[in-house]
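Accompanying notes for the structure given below.
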Amino acid sequence: MAGEVQRGLEDVVALESRICFIDGKQGRLIYRGYDIRDLAARSTFEEVAYLLWYGRLPTAAQLGELARRLESLREIPAELARLIDLLPASAGPMDVLRTAVSALALLEPGEGTPGPTSIGGAQRLTAALPTILGAFHRRRGHLPPLEPRPGLSHAAYLVYALLGREPSELESRAIDVALILHADHDLNASTFAARVTASTLSDLYSAVTSAVGTLKGPLHGGANERVMELLDEIGAAERAEEVVRAKLERHERIMGFGHRVYKVEDPRATILREWSRKVGEAKGNLRYYHLLEKVVEVVHREKGLYPNIDLYSGSVYSLLGIPHDLFTPVFASSRVVGWTAHVLEEYDDLRLIRPTSRYVGPTDLAYVPVADRA
Ligand code: CMC
């Protein structure tokens, strides 16, 4: 049945899901029935991962078991470590991640077999992503591989793997909250890509490979890195007005603003703004925070746009010392939980995702043999 074309599938309801609800008018985000503000204030990334995968909050015993399991799955095979060493040091970390997830599928066949057992692959990938990123980042910096460090939460391990140091309590909690906020977001582009791949009965690792490639784009996960480029370009708060207005006059997009679903401020941005301030205060560096506040004021006045999560995440990561090109991979280290929860849901109620297009090209051209074409 031919219908109206919804460019970018805007407002198209593609499937039913029990994982995540966004109320774009009220600025609410719900994971499995729980408000993101409660989860960010009181939960941990491991607890949220359990919630998204299993559909309910864990008991203390279940939570402890998942945390131990994730910790036990961090090490990567020697073959993968060697492959990472062979990649160009100039490679983009998201390209490395995509290649590594794909390679892990070859090295660990069976982990992502379509069906409920692929929860094992989901946990394996979640645990291994920081190790993969850390291995590449250390190699490109000519640093020796890290010794395993037991007893770290996923958030603390991510910082350890990337920076080779344990974070302070405040830093660890800031990253934990950022991971909670990024863990899922309904049918965003990368999750949709994962579900499309899974809907063909392809394996979970292939679905995550599709998702990593999709998250990379600057209109999606790549925006956080570009926000920091904007802040560097602005330099000082007094220049924010001039730089932002000039960009808007040239019809350029201001990264970290606007959202397909939220018509008010992204609730994740509201929470991360506070963390940007807290971490800035702790580090004695509120420069990013003040710059961002000025940019928010100008963009809202000039375009009526609100900030999204990507506006603030980069400032938190930067204050910890995480390099800009690892921001989107940090996003992936959390969103892998949402991708895989959706892939599991897809396997549970599978229907091939295959929309149609409205063809607007010609239909009755006469074929001309190649030798006769001008
Ligand atoms: N800066 C300037 N203008 C904008 C922006 C922006 N960030 N976002 C939207 N607009 C304008 C756009 O130019 C258009 O104006 P006009 O009607 O005059 O041409 C209007 O708003 C509608 O834009 P759209 O592209 O049709 O809206 P969309 O729903 O497709 O866009 C978006 C959603 C996120 C792609 C867009 O807001 C954007 O490009 N933002 C910047 C990139 C960004 O921050 N991405 C992170 C999104 S949140 C995390 C994630 O999902 O990864």
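Just follow the structure's listing: the first ligand is 1, and inside any ligand the first atom is 1.
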For atom 50 (C) of ligand 1, the closest protein heavy atom turns out to be His220 ND1, 3.4 Å

Can you tell me the protein heavy atom closest to atom 40 (N) of ligand 1 and the distance? Phe257 O, 2.9 Å

So, are Arg277 and Glu274 salt-bridged, with charged N and O less than 4.0 Å apart? yes

Could you tell me if any non-hydrogen atom of Asp310 lies under 4.0 Å from any atom of ligand 1? yes

I'd like to know if Lys278 pairs up with Glu281 as an ion pair, taking the criterion as any Lys NZ or Arg NE/NH1/NH2 lying under 4.0 Å from an Asp or Glu carboxylate oxygen. no

Yes or no, since that's all I need: does a protein heavy atom fall within a distance strictly under 4.0 Å of atom 22 (C) of ligand 1? no

Got an N/O contact under 3.5 Å between Leu219 and ligand 1? yes

To the nearest 0.1 Å, how far is atom 29 (O) of ligand 1 from its closest protein heavy atom, and which atom is that? Arg260 NE, 2.8 Å

Within the structure, does at least one protein heavy atom fall under 4.0 Å of atom 44 (O) of ligand 1? yes

heavy-atom search around atom 42 (C) of ligand 1 in the protein gives Met255 SD, 3.5 Å

Can Gly221 be said to touch ligand 1, with heavy atoms closer than 4.0 Å? yes

So, His324 versus Phe327, ring centres under 6.0 angstrom or not? yes

Do you see a protein non-hydrogen atom under 4.0 Å from atom 52 (O) of ligand 1? yes

Under-4.0 Å heavy-atom contact between protein and atom 19 (O) of ligand 1: no

Check this for me: does any side-chain nitrogen of one of Lys283 and Glu171 sit under 4.0 Å from a carboxylate oxygen of the other? yes

Of the protein's non-hydrogen atoms, which lies at the shortest distance from atom 12 (C) of ligand 1, and what is that distance? Arg253 NH2, 3.6 Å

Examine the side chains of Glu169 and Ser172 and answer whether a donor and an acceptor come within less than 3.5 Å of each other. no

Should the pair Glu345-Arg195 be classified as a salt bridge under the 4.0 Å nitrogen-to-oxygen rule? yes

Heavy-atom count around Glu79 CD within 6.0 Å, excluding the residue itself: above 12? yes

Quick test of your reading of the model: are Asp176 and Arg173 salt-bridged, counting only N-O distances below 4.0 Å? yes

Taking distance alone, with N or O pairs closer than 3.5 Å, would you say Arg268 contacts ligand 1? no

Cationic N near anionic O, under 4.0 Å, Arg245 to Glu302: yes

Option whose closest heavy atom lies nearest to atom 34 (C) of ligand 1, chosen from Ser313, Gly217, Gly304, Gly258: Gly258

Less than 3.5 Å apart, any donor N or O on the side chain of Asp184 or His342 sitting next to an acceptor on the other? yes

Main chain of Ser206, side chain of Ser210: is a donor-acceptor contact present, judged purely on distance under 3.5 Å? yes

Atoms in ligand 1 flagged as close to Ala223, the criterion being non-hydrogen separation under 4.0 Å: 43 (C), 44 (O), 45 (N), 46 (C)

Do you know which of Phe331, Tyr262, Tyr31, Trp339 makes ring-ring contact (aromatic ring centres under 6.0 Å, His included) with His185? Tyr262

Can you confirm whether something in the protein, heavy atoms only, sits under 4.0 Å from atom 48 (S) of ligand 1? yes

Would you mind checking which non-hydrogen protein atom is closest to atom 15 (O) of ligand 1, with the distance to 0.1 Å? Lys303 NZ, 4.1 Å

Residue and atom name of the nearest protein heavy atom (relative to atom 1 (N) of ligand 1), distance in Å to one decimal: Ile254 N, 2.8 Å

Could you find the nearest protein heavy atom to atom 5 (C) of ligand 1 and give me its residue, atom name and distance? Leu305 CD1, 3.4 Å

Run the numbers for me: atoms of ligand 1, each under 4.0 Å from some heavy atom of Gly256, listed by number. 43 (C), 44 (O)

